[in-house]
Each structure stands twice: as structure tokens, then as C-alpha cells.
Amino acid sequence: MRVLIGGGSGFVGRELTHLLRSKGHEVTVISRQPGPGKITWSDLKSKGLPPCEGAVNLSGENLMNPLRWWNESYKKDLFSSRIDTTKALSEAIAAAACPPHCWVLVSGVACYKPSLTAEYTEDSEWTPFDFLSKLVKEWEAAALLPQSVAKTTRQVIVRPGAVLGRDGGAMKQMLLPFWLGLGGTLGSGRQPFPWIHVSDLAGIIAHALEAPVDSAALPPPQVYNGVAPALNTNYEFTKELGRLMRRPTIFPVPAFAMNALIGSERAVILTEGQRVVPQRTLESGFQYQYPDLTSALKQILGS
């Protein structure tokens, strides 16, 4: 299978590229810079979709970029980097003489309203309620294909939680303070913490790409919650990470401090959370490598 990946040089993109190539698939990355095995976004717009059986979009400005202050300019970049690239790919797919069999957008669980009690599956209804949920709504809408194309191209949306891995994502910023013994719960600690190991997220995407085209499943986008089946809280995550690193976790960070530090609209990702269940992901037959925190964190820490 030939797979085109927007944002393939990022944290998740590198993992997905490695997995697909190990399975014998051919990968082309859409990047800002040209190079071997790459095309640019300008190439996509001017020359159209290269021949491929699968397409994935992982592009988007890092939401937790510590070097960017939370302001209107940053928020605009968060929208445009996701929606513009998604539109570019969906329009190229729609215009292609031979569109791919599968088109996968990776969005996020921010569409589900934070709650200490509610559980969300892929069938849960939702409406935008804050900045991030509005972003997800527009992002997923930008991926929709015309009905004529959707008859032959399976549309898939994967909504990941916090992506954990050794070489990037949430863990990259967490490990230093924990090594220094400065780790602690965020906010109350009782908030749900939906997470997934980067290898499993790549696995879910590959699983979706490789699934046979089922005309009965078309045309609505098929949603998979890209989270581990374990339902953990921020407190449980913090304590398990501290235990495996043999470090104390006695310095909680109150919600007001997080709001002041990174902006309240962004801090909500860390100080509030959703209990997200990967019901359809499990029903599809996907097998997790790291279904629980202990196995995931041990792999990341090399312990």
C-alpha cells in the first residue's frame, strides 16, 4: 500500500512511518521542506494528490508548545495549521482521478466535555462548548469528502488523548521535573487522564488504513477513540510515574497556577479531563501493546 502522511515528520508521524514501512508499505510524507520520500504542501496544491491507497493527516501546531505564549496569534495558528492542511488534503482527494481507499484524520478528545463521571464512547453526541472543542468541530468538518467520493473512500477520524512516548509528546516536558523530584498532580488530581502510547496510536491508524473497504460502513466518518482502555486519573498517572522513576511526587500544581502559566483555555487539557472509552477501537479487533499505565511507562522509561 502507498500511504501519504501530512505531518509525517512529527512525533506521531515518525512512529507511524516506521510502523508502515516495517509492514512493507510505501510512505510519502507531506512536509514544509522537500527531500527524499517527501512532497511539500505547495506540491500537493499545484500537482494534486500523488498515487496512493491511503492518506493520513497529522499536521498541526503543537498545542503545548512551551515557547509560545497563549494569545490570539497562537490560537489562529492552531486553527490554520490544522484546518488548512486538512482542507488541502481532502480537496486533493476529492479531485484525484483515483482517490485512496482510506482517508484518516487524527484530531483529539477535546470534543468531549470534561467531567468526573461521564463516560464517552465513539457514539457519544457532543456540541462545541469551548475553544478547543470548536477547533475539533471545524477540523473534523474540513476533512469531510463529497458524497460522490465518500462512496469509495472510507473516512476515518481517530481522536487521541495525551500521546505518551520516549521521543516527544507530553512525556518530553514531564520527565525533567520528575527526575528532579518536582513532579506532582495537576489541579485536583481527580480529573480523568485519557492517554495512549505512541506505538498504539500508530497501530490504530495503520489498523484503519489496512481494514478492508466495507461499503456498508460508508459514507459517515468512522470514529475511533485513540486512547488506552485503562481509565486513569491524573493522580494515578502521577503516582505511577513517580513510583517507576523512584522519585517523590509531593509538589502539586494548583489549577490557578496552570492557568496563569499557560493560559486557561490551554490549561484545561491538563487540569480537567474526560473519561474516554475506546469502544469501537476494541470492537474493531485492534490489539493494544500497552493497554495499562505500568506497561506503557516502563517502555518509555526503559525500565
Side-chain angles (χ1 to χ4, degrees), residues 1-21 25-34 37-63 77-96 99-111 132 134-146 149-150 153-161 163 168-169 196 198 201-211 219-226:
M1 185 193 307
R2 293 167 295 183
V3 182
L4 183 67
I5 306 177
S9 54
F11 171 47
V12 177
R14 294 192 303 271
E15 187 76 16
L16 178 60
T17 297
H18 176 75
L19 174 62
L20 290 173
R21 285 178 174 157
H25 301 307
E26 182 184 317
V27 176
T28 300
V29 170
I30 313 175
S31 176
R32 293 174 188 170
Q33 303 297 327
K38 293 181 180 180
I39 65 169
T40 65
W41 289 100
S42 297
D43 291 335
L44 181 71
K45 288 182 179 178
S46 62
K47 300 175 185 175
L49 195 78
C52 61
E53 288 71 49
V56 182
N57 194 24
L58 294 161
S59 292
E61 170 77 29
N62 180 6
L63 183 60
D77 286 349
L78 290 173
F79 263 78
S80 62
S81 63
R82 286 161 172 76
I83 293 163
D84 293 352
T85 55
T86 301
K87 269 186 183 171
L89 258 170
S90 61
E91 288 173 359
I93 290 168
H101 305 313
C102 186
W103 158 222
V104 182
L105 173 69
V106 181
S107 59
V109 296
C111 57
L132 293 174
K134 287 173 188 170
L135 171 56
V136 174
K137 189 74 172 178
E138 290 192 33
W139 194 2
E140 294 184 357
L144 291 176
L145 299 173
V149 184
T153 298
R154 190 172 73 258
Q155 301 178 82
V156 177
I157 292 171
V158 179
R159 294 176 182 153
V163 183
I196 188 165
V198 66
L201 178 55
I204 291 170
I205 299 167
H207 183 68
L209 287 168
E210 293 172 337
Q222 212 168 18
V223 177
Y224 292 101
N225 283 335

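One-based numbering along the sequence shown.
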A92 and L49 have their tightest heavy-atom pair at O-CB, 3.8 Å

Minimal heavy-atom distance between I196 and P160, with the atoms involved, is CG2-CB, 4.5 Å

Quick one: do E26 and R2 make a salt bridge, cutoff under 4.0 Å?
no

So, do L4 and V56 sit near enough that their side-chain heavy atoms are less than 4.5 Å apart?
no

Going by heavy atoms in the side chains, are M1 and L209 under 4.5 Å from each other?
yes

Which heavy-atom pair separates T86 from A142 by the least distance, and what is that distance?
CG2-C, 3.8 Å

Between Q155 and L145 (side chain of the first, backbone of the second, donor and acceptor by atom type, cut-off under 3.5 Å), is there such a pair?
yes

Check: V27 main-chain N/O paired with R21 side-chain donor or acceptor under 3.5 Å
yes

Taking the basic N atoms (NZ, or NE/NH1/NH2) and the acidic carboxylate oxygens, is any pair closer than 4.0 Å for R159 and E140?
yes

For W41 and S59 the tightest heavy-atom approach is CZ2-OG, 3.2 Å

Please give me the minimum heavy-atom distance between L135 and F79, naming the atom from each residue.
CA-CZ, 3.5 Å

Using modelled atom types only, decide if a donor and an acceptor are shared between the side chain of R154 and the backbone of V104 within a distance under 3.5 Å.
no

Rounded at 0.5 Å granularity, tell me how far CG in L58 sits from CZ in F11.
11.5 Å

For the pair T153 (side chain) and P100 (backbone), establish whether a donor and an acceptor sit closer than 3.5 Å, ignoring hydrogens and angles.
yes

Flag side-chain contact, heavy atom, 4.5 Å: L201 against I205:
yes

4.5 Å side-chain heavy-atom contact, C102 and V156:
yes

Closest approach of S31 and K38, non-hydrogen atoms and distance?
CB-CD, 4.0 Å

Judged by atom type as modelled, is there a donor-acceptor pair below 3.5 Å linking the side chain of S90 to the main-chain atoms of K87?
yes

Under 3.5 Å donor-acceptor, S81 side chain and E61 backbone
yes

Just checking, any donor-acceptor pair under 3.5 angstrom between side chains of H25 and E210?
yes

